[in-house]
Amino acid sequence: MTRYDRTTLVSCLQFLCGALVLCLLAGLPETASGQKRSTAAKQKPKPTKPVDELTKLREEFVQAANEYKASLEKLRASYEKSIVRAEEELVNSNSLFAAGLISKNQLDADHLKVAKAKDKVVEVNQRFASADTQIAHTLLEADAEKKMAKIRIPRGGLVQTATLIRFNGGGAWAISDAWKVQRFFQDSFKRPLPVSVFGQGAIHDQWRLDHRNSMDISLHPDGPEGQALIGFLRMNGIPFLAFRQAIPGGATGAHIHIGRPSHKF
């Protein structure tokens, strides 16, 4: 091979290598772009499902329970401080009484002040313990009021669904008649009527619900005691709402609400 031929061959090879490199470089942006599109397609968020009624109810329950318990915690802390102050005053009064500087009546008054302060803490603790149940009952009643408002029930009429029973009793009813129901239950089952909410409560005030002439009974409407109570209420024309369901993830909501539905103020 001549020197000219070798030079020509080398030039051709250099040209081919350069062309191959250009082709490879030209293909890189397209590949990267394809990868980006593929990654973007994979990372595309899935459409969220609409929140169902039970989930919404549970969220409302959790929020309301937390807010109510937080307010009770503040109230309890305030009452506990009152106990400390009252006990300090009592210690001082005991010293003054021993020295003959104050009367027995004044000392007794300071003893009473300590007792009342402690009673307030006990009351808050009881409200705290029953907070979940009370809020669950109120949420169910508020939700039922919205649903049942569309249904016209005649006096003495009864409506049943899978989750609740409503009886539109035609008899007169007020919270002052509660003793009749309590006496029936006591005579029938030899134990007090399990009342969870009597009349207007703090939760009802907070949500502006009229519960003044109603009371909630912690009984499942399908149980023996619940069935007996429902029979008594129907026989006497006393209106009621009975709930079979429970709040998801929270305290039980099953109960019997005696009285008209709790309307908004």
Side-chain angles (χ1 to χ4, degrees), residues 50-65 68 129-171 173 175 178 180-182 184-186 188-189 191-201 203-204 207 209-211 213-264:
V51 179
D52 58 72
E53 189 113 8
L54 287 178
T55 301
K56 184 179 179 182
L57 192 64
R58 182 183 181 277
E59 290 173 354
E60 289 178 355
F61 168 79
V62 172
Q63 181 181 355
Y68 184 58
S130 63
D132 287 347
T133 300
Q134 290 187 37
I135 295 171
H137 289 184
T138 306
L139 277 173
L140 285 177
E141 290 166 19
D143 184 62
E145 172 62 15
K146 292 178 184 177
K147 294 176 180 176
M148 302 301 287
K150 303 174 184 178
I151 304 174
R152 184 179 294 276
I153 306 174
R155 284 296 177 107
L158 181 76
V159 172
Q160 291 197 59
T161 70
T163 57
L164 63 86
I165 307 167
R166 180 176 175 185
F167 175 61
N168 189 21
W173 166 259
I175 197 69
K180 300 176 184 177
V181 184
Q182 291 170 320
F184 158 77
F185 193 86
Q186 179 72 48
S188 300
F189 299 102
R191 74 182 185 98
L193 183 69
V195 179
S196 59
V197 184
F198 188 87
Q200 193 75 7
I203 294 295
H204 304 108
W207 293 343
L209 291 171
D210 187 359
H211 202 268
N213 277 311
S214 304
M215 61 179 179
D216 296 342
I217 313 302
S218 295
L219 290 175
H220 197 290
D222 295 330
E225 293 178 339
Q227 285 288 295
L229 178 58
I230 285 175
F232 174 82
L233 297 174
R234 291 187 64 183
M235 184 175 63
N236 289 274
I238 300 174
F240 69 84
L241 274 164
F243 297 88
R244 294 186 172 107
Q245 69 188 72
I247 293 293
T252 178
H255 70 287
I256 299 172
H257 167 94
I258 300 177
R260 302 289 175 193
S262 300
H263 297 289
K264 281 276 189 180

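The shown structure was predicted, so the numbers you read here are calculated from the model rather than taken from an experiment. Numbers for residues simply follow the sequence, beginning at 1.
Remark: Ile258 CD1 to Leu229 CG distance equals 5.0 Å, nearest 0.5 Å. For the atom pair CG of Asn168 and CZ of Phe240, the computed distance is 10.5 Å after rounding to the nearest 0.5 Å. For the atom pair CZ (Phe232) and CD1 (Ile238), the distance works out to 5.0 Å, reported to the nearest 0.5 Å. A distance of 9.5 Å separates CG of Asp216 from CG of Leu241, quoted to the nearest 0.5 Å.
You'll find the side chain of Val195 reaches within 4.5 Å of the side chain of Ile217, heavy atoms only. Counting heavy atoms from C-beta on, the side chains of Pro194 and Phe185 come closer than 4.5 Å. Using a 4.5 Å heavy-atom threshold, the side chains of Arg234 and Leu158 count as touching. Residues Arg244 and Leu164 have side chains not in contact (no heavy-atom distance under 4.5 Å, counting atoms from C-beta outward). Contact check for Trp173 versus Val181: side-chain heavy atoms found under the 4.5 Å cut-off.
With sequence neighbours left out, Asn213 forms a side chain to side chain donor-acceptor pair (under 3.5 Å) with no residue at all.
Closest non-hydrogen pair, Gly156 versus Phe167, comes out as O-CE1, 3.5 Å. Nearest heavy atoms, Gly259 versus Ser214: CA-OG, 4.0 Å.
Using cut-offs of 30° and 60° for the angle between ring planes, the His255 and Phe243 rings count as parallel.
When each of Gln186, Glu225, Met215 is checked for a side chain to side chain contact (heavy atoms under 4.5 Å, CB included) with Leu193, only Met215 meets the rule.
Side-chain atoms of Gln227 come within 3.5 Å of backbone atoms of Pro221 as a donor-acceptor pair (strictly under, hydrogens ignored). Under the 3.5 Å distance criterion, the side-chain polar atoms of His211 are matched with a main-chain donor or acceptor of Gly199.
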